[in-house]
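Following: one structure in structure tokens, then a few remarks.
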Amino acid sequence: MPAGLSNLIVSLLLMLLLAAYAYRAIPGTRLRQAFALGSGAMGGVTALNTIVLMQIGAGWFSAALIALSLALFLGSVVSFALALWNGELRAKLQQAQRYVADERARREAQRPNLVEKNRDE
């Protein structure tokens with residue numbers, strides 16, 4: 001396998017994963033914007049990896065692509081920070097907290113049964 005092919009595959013998979021997250025996020029939210037910008041940044045990285053893999057000499061184009069990818073990445077980070085700041089992930093956090101509380105309650109309900117089994121043995 002050529003040296004840059006694994007980089008190309010990983011960047012392509014990350015781009016597709018971020019695009020899927022952007023598609024599933026609620027329309028009009030900062031979280032969706034963050035995932036979309038991140039997917040665009042990974043698209044630029046994928047294009048750069050393709051250029052390197054094909055050994056195309058595109059000096060100014062590569063530099064412009066790097067600058068664009070970096071700008072999209074920074075925009076993604078800012079959008080994600082704003083999503084956290086605005087509480088867009090609060091519902092997910094509360095859902096995770098409910099799962100943890102339910103699991104604790106389930107384990108506590110099982111604990112007396114385990115103690116009684118150990119006494120009988």
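On a predicted model such as this, the values are computed, not experimentally measured, just so you know. All values below come from the heavy atoms of this structure, side chains included, with hydrogens, waters and symmetry mates left out. Each residue takes its place number in the sequence, starting with 1.
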When you measure from the side chain of [X] to the backbone N and O of [Y], does any donor-acceptor pair fall under 3.5 Å?
X     : Y     : result
Ser76 : Leu72 : no
Ser11 : Leu8  : yes
Thr50 : Thr46 : yes

Contact summary for [X] and [Y], nearest pair of heavy atoms:
X     : Y     : answer
Ala47 : Leu65 : CB-CD2, 3.6 Å
Ser62 : Leu48 : O-CD2, 3.7 Å
Ala41 : Phe73 : CB-N, 3.7 Å

Report yes or no: do [X] and [Y] belong to one cluster of Ile/Leu/Val/Met/Phe/Trp/Tyr joined by side chain heavy-atom distances under 4.5 Å?
X     : Y     : value
Tyr21 : Leu31 : yes
Ile66 : Leu74 : no
Leu82 : Leu84 : no
Leu68 : Val78 : no
Met54 : Ile51 : yes

If you draw a 6.0 Å radius around CD1 in Ile56, do more than 12 non-hydrogen atoms from other residues or ligands fall strictly inside?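 Enclosed.
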Is the count of non-hydrogen atoms from other residues, nucleotides or ligands lying under 6.0 Å from Arg106 atom CZ greater than 12? yes
Between atom [atom1] of [X] and atom [atom2] of [Y], what is the distance when rounded to the nearest 0.5 Å?
X     : Y     : atom1 : atom2 : result
Leu14 : Ser39 : CG    : OG    : 10.0 Å
Met42 : Leu18 : CE    : CG    : 7.5 Å
Leu37 : Ser69 : CG    : OG    : 12.0 Å
Tyr23 : Arg32 : OH    : CZ    : 8.0 Å

Are a donor atom and an acceptor atom from the side chains of Arg98 and Gln95 found within less than 3.5 Å of each other?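 The answer is no; no qualifying pair exists.
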Looking at side-chain heavy atoms only, is the closest gap between Leu12 and Met15 below 4.5 Å? yes
Taking only Lys NZ, Arg NE, NH1 and NH2, and the carboxylate oxygens of Asp or Glu, determine whether Arg107 and Glu103 approach each other closer than 4.0 Å.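 A salt bridge is present here (some side-chain N lies under 4.0 Å from a carboxylate O).
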Holding to salt bridge (Lys or Arg N to Asp or Glu O under 4.0 Å), I want the full list of residues that pass it with Arg90, two or more places apart in sequence or in another chain. none
